[in-house]
Q: 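What follows is a single structure, and I will ask about it in a moment.
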There are 2 protein chains.
Amino acid sequence: MPRRSALEAAGTRDAIIRRAADIGSVEGLEGITIGRLATDLEMSKAGVIGHFGTKEELQLATLELAAELFVEQVWKPVEDLRPGLERLLGICEAWTRYADEPILSGGCFIAAVSFEFDGRAGRVHDALKQVVGRWRKTLVREISVAIADGDLPADLDPEQAAFSMEALAAGMNPARQLYGDTSAAEWSRRAMHAVLGVSRSL
Amino acid sequence: MPRRSALEAAGTRDAIIRRAADIGSVEGLEGITIGRLATDLEMSKAGVIGHFGTKEELQLATLELAAELFVEQVWKPVEDLRPGLERLLGICEAWTRYADEPILSGGCFIAAVSFEFDGRAGRVHDALKQVVGRWRKTLVREISVAIADGDLPADLDPEQAAFSMEALAAGMNPARQLYGDTSAAEWSRRAMHAVLGVSRSL
DNA sequence: CCTACCGATCGGTAGG
DNA sequence: CCTACCGATCGGTAGG
């Protein structure tokens, strides 16, 4: 079995899910169709679906890629910052930048799919719940550290603050793309800062 | 032309868009199919689409119904309250109640569809933009009144505060349905209160 | 409102 | 990775 063909196959699979992520960020995970991917990538439908078996597996693989992109863009830039408030402020920066200069056509894939699949049952719903649950747990941990450090008020509820930050970040999607609010990222960043008790940072 | 048949037709049309709104709140406006509506309502597909002509018209009619439900549930309960802060606090109450005790299976239809259609082009996108734009304008106006009354700080940006409230309200959808957060409404209400400078109301 | 039908596209398979 | 094909469903129309 020649090495090159396996490499090429991995490359093709990667190309498929990257294209799927881009489509999904605009049209949703249900908006992805095998036929469209085949046309876009100049392949046969069988060649596309052969890498995954079923459309659901393709959706799960696409979600996985989107989660990796999110971690790379929002989490990786702050991992060297000190845990607690300093890292949280870095997250605000990275998160709003990620939403304001999107790498996928439809903005934040995770936000779009969260609203698409929240009310459905199935494996995609469950995988999404895990992905976002992990991220929220991270936020809660950092907020708790900041409270323990005395950098945030002791009566702040970490779960509630994490909810607020997440909602304010997700809100950038429709603000930018539906109403065309060019200030969405700044609004979101300031609102997140307010949650963290940082009143006027600019 | 007998009166009854026109009334019945109106009733049928209404039944179709009510069912469509319920499906749409879960599966999105693209998740609505004429065949499924026909099955659910025990009609023929031709009988369903005959009331609208095209699927896009059906989607627009469904959006219109959802907008009416929103106004009825969130705006009407507060219209007798004094403009400004008092009315804004009433909106927080009505909005979180509307999201926490949803009349449609998938929670807030407007929030779901905002995230579904934000990145698309077309008449549904445009109609949605109008609906939500009208609501945001209302919020901005009430916030401005509260500032003029001296009930909110003069340096508060009404646009930004409206964005925050909207994002925090929309965030209840995935919080409730994806993670199963039963406290989502309370988190959202408290966060909205914080935006309005009301720190501890319970 | 119905039956009967249209072409297009859906996800997916067989066989190579 | 391909061609060739499957049954099901899509939105929609004709005619009544």
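Note that these values count all heavy atoms, side chains included, but never hydrogens, waters or copies made by symmetry. The sequence lines fix the lettering, A, B, ..., with proteins before strands; numbering per chain opens at 1.
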Q: Taking the side chain of A:Ser44 as its heavy atoms from C-beta onward, which of C:dG12, C:dC2, D:dT3 lies nearest to it?
A: D:dT3
Q: Nearest-Å distance, CG (B:Leu58) to C1' (D:dC10)?
A: 14 Å
Q: Could you check A:Asp181, A:Thr182, A:Asp100 and say which one makes a side chain to side chain donor-acceptor pair (under 3.5 Å) with A:Arg176?
A: A:Asp100
Q: Is B:Ile32 touching bases, backbone alone, or none of the nucleic acid, heavy atoms closer than 4.0 Å?
A: sugar-phosphate
Q: Please give, in whole Å, the distance from D:dT9 C1' to B:Lys45 NZ?
A: 7 Å
Q: Quickly work out the A:Arg36 CZ to D:dC10 C1' distance and round it to whole Å.
A: 17 Å
Q: Please tell me which of A:Thr33 and A:Ile49 maps to the more 5' nucleotide of DNA chain C, matching each residue to the nucleotide holding its nearest heavy atom.
A: A:Thr33
Q: Measure the distance from CD1 on A:Ile23 to P on C:dC10 and round it to the nearest whole Å.
A: 11 Å
Q: Hey, can you tell me if A:Trp135 and A:Phe70 have their rings parallel, tilted or perpendicular (30° and 60° cut-offs)?
A: perpendicular
Q: Find the distance A:Gln59:CD to C:dC10:P and express it as a whole number of Å.
A: 14 Å
Q: I need the A:Lys55 NZ to A:Leu37 CG distance, nearest 0.5 Å.
A: 9.0 Å
Q: Do the side-chain N or O atoms of B:Thr12 get closer than 4.0 angstrom to the phosphate oxygens (OP1, OP2) of C:dC1?
A: yes
Q: What do the steps show when you test A:Arg82 against A:Glu142 for salt bridge (charged side-chain N to carboxylate O under 4.0 Å, His left out), and what is the final call?
A: CA-CA 10 Å; A:Arg82 201 162 55 85; A:Glu142 296 298 331; over 6 Å; no
Q: Looking at A:Lys55 and C:dG12, is any side-chain donor or acceptor paired with a base atom of the opposite kind under 3.5 Å?
A: no
Q: Expressed as a whole number of angstroms, how long is the span from A:Phe52:CZ to D:dC1:C1'?
A: 14 Å
Q: Which nucleotide in the list D:dC1, C:dC1, D:dG12 gets nearest to the side chain of A:Met43?
A: D:dC1
Q: Using purine N1 to pyrimidine N3 plus N6-O4 or O6-N4 for Watson-Crick, or N1-O2 and O6-N3 for G-U wobble, both under 3.5 Å, which nucleotide pairs with C:dA14?
A: D:dT3
Q: For the side chain of B:Ala46, counting heavy atoms from C-beta on, which of C:dT13, D:dA14, C:dG11 is nearest?
A: D:dA14
Q: Provide, to the nearest angstrom, the distance between the CG atom belonging to A:Leu37 and the C1' atom belonging to C:dG11.
A: 12 Å
Q: Between CD of A:Glu93 and CG of A:Leu81, what distance do you get to the nearest 0.5 Å?
A: 11.0 Å
Q: Provide, to the nearest angstrom, the distance between the CG atom belonging to B:Asp14 and the P atom belonging to C:dC1.
A: 12 Å
